[in-house]
Amino acid sequence: MGLRYSDLTNRLNVQTSDVWGVHTEAQRRAAAGEDIIMLSLGDPDFPTPREITDKLVQQVHQHRTHYSPAGGEPSFLQALAELETSVEKRPFLPENFTIFPGGTAALTGVMNCILSPGDEIIIPEPMYIGYHSILQGIGAKLISVPLDVENDFVLDIESIRQAVTPATRAILINTPGNPAGNVMTKASLAELAAVTREMDLWLICDEVYSLFTYEEDHVSLLLAAENLENVIVIDSLSKSHAMSGWRIGWAVASEEMTAALHAYCGATFFGCSQFIQDAAAFALSFNAPHILNMRREYRERRDYVVNAIDRMNGLSCYQPKAGMFVMVDTSQVADDGASFAQRMLEAAGVSLIPGAGFGDNTKGYVRMSLTQPADVLEVALGRIAKII
Ligand SMILES: Cc1ncc(COP(=O)(O)O)c(C=O)c1O
């Protein structure tokens with residue numbers, strides 16, 4: 001047969017790393033009845049708060065089940081503008097927002113609007129695994145710069161400046177960060193915004209973990225940047241409201257960039273569900289104890305895991321300042337994170353992600369998720385301690 005696939009399909013068909021290998025094997029073993037503790041995913045284990053699901057059902061019954069404007073429902077865009085105006089202390093308009101089916105789709109839309117095949121984008125590593133396939137699809141080149149693994153995963157802005165070439169179009173940062181739970185300060189966000197503006201580069205900031213900071217409040221690039229000209233922020237309700245399956249997120253950008261994003265939405269998925277956007281708008285204003293409880297629970301789990309690892313011979317970890325993961329240094333007990341993760345799956349029935357999937361500088365690490373209740377984490381850590 002002479003049927004052919006597009007360049008995009010062919011690019012997406014290239015396997016760049018086997019980062020999900022242990023997780024996939026863990027799922028297979030669990031399905032076959034083995035007792036496996038999954039600490040390899042970043043999907044909240046909490047239910048979506050009942051008030052939000054009630055709102056969704058109510059809106060379905062109100063027949064909010066028709067087409068929505070491609071870039072978002074006016075009422076949801078307005079709710080986002082009001083929220084950001086109050087949080088970031090600068091005025092936002094509905095024309096600064098674009099609604100997508102999840103943060104991943106928002107990132108994909110933004111990348112498609114600013115990158116062409118062969119363009120370069122700089123991303124600090126370790127980085128979220130999902131960025132690779134988005135860029136692979138576009139055919140853009142990912143240039144990584146290392147975060148300081150020995151020093152709280154801090155970003156050295158000079159290393160970004162040095163990585164810029166004539167082909168560079170954008171920098172993508174992630175604060176709070178997945179996998180390391182590192183957070184950027186207002187000063188370094190402001191500096192990076194100024195540096196990128198001066199160099200005519202886009203600065204994209206993925207802030208999907210913004211509600212789960214444990215010692216300090218999250219600082220958004222929207223607050224730190226002097227203006228929004230070259231700045232784009234991505235957010236979603238997947239983590240903050242335990243709504244990963246709802247697929248709802250957004251991009252915040254200048255009015256000019258937002259017009260481009262709305263055109264992209266019109267040309268691709270043609271708008272998100274009305275009832276989901278209505279319930280999402282409600283979720284934004286919903287400051288119920290559930291959200292604070294989730295944060296408290298993640299923080300307690302983090303403290304528990306960090307203390308337990310500290311007491312374990314051979315393992316160490318950096319205390320994440322935010323997010324739902326702990327990066328564990330396995331270099332004293334294993335050749336690398338991949339062999340450690342494989343051994344823990346086989347001998348302890350615990351599924352972890354090898355650090356190499358997030359970048360070369362975390363090859364000696366594994367990522368442990370905090371998306372299991374404390375008693376399950378306790379069993380997992382007990383099994384790990386026994387093996388090492
Ligand atoms: C850093 C980061 N960005 C984006 C996403 C994607 O989130 P969403 O469910 O909104 O697509 C994730 C999901 O794990 C993530 O960790």
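Atom set for the values below is all heavy atoms of this structure, side chains included, hydrogens, waters and symmetry mates excluded. Positions are given from 1 along the sequence. Indexing begins at 1, ligand by ligand and atom by atom, following the structure's order.
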Per-atom contacts of ligand 1 with [X], taking only distances under 4.0 Å to non-hydrogen atoms:
X    : result
R247 : 8 (P), 9 (O), 11 (O)
V208 : 2 (C), 3 (N), 4 (C), 15 (C)
N174 : 1 (C)

Could you tell me how the ring of F92 sits relative to the ring of F97: parallel (under 30°), tilted (30 to 60°) or perpendicular (over 60°)?
-> tilted
Side chain N361, main chain E125, donor-acceptor under 3.5 Å = yes
Sidechain-backbone polar pair: D119 side chain, L115 backbone, donor-acceptor under 3.5 Å = no
Polar atom proximity, G103 to ligand 1 (N or O, under 3.5 Å) = yes
Taking all atoms of both residues into account, what is the closest heavy-atom pair of M324 and G42, and its distance?
-> SD-O, 3.7 Å
Tell me which protein heavy atom sits closest to [atom], plus the residue, atom name and distance to 0.1 Å.
atom                    : result
atom 14 (O) of ligand 1 : K239 NZ, 2.8 Å
atom 4 (C) of ligand 1  : D206 OD2, 3.4 Å
atom 12 (C) of ligand 1 : Y128 CZ, 3.3 Å

Option with minimal heavy-atom separation from atom 8 (P) of ligand 1, where the choices are S240, G249, S238 | S238
Passing option when V183 is tested against V154, T175, V219 for side-chain contact (heavy atoms from CB on, under 4.5 Å) | T175
Where does T104 meet ligand 1, judged by heavy-atom distances below 4.0 Å: at the side chain, the backbone, both, or neither?
-> both
Measure the spacing between OG1 of T213 and CZ of R295 and express it to the nearest 0.5 Å.
-> 5.5 Å
Check the pair Y298 / R301 against side chain to side chain contact (heavy atoms under 4.5 Å, CB included), numbers first and verdict last.
-> CA-CA 5 Å; Y298 283 132; R301 294 174 187 180; 3.9 Å; yes
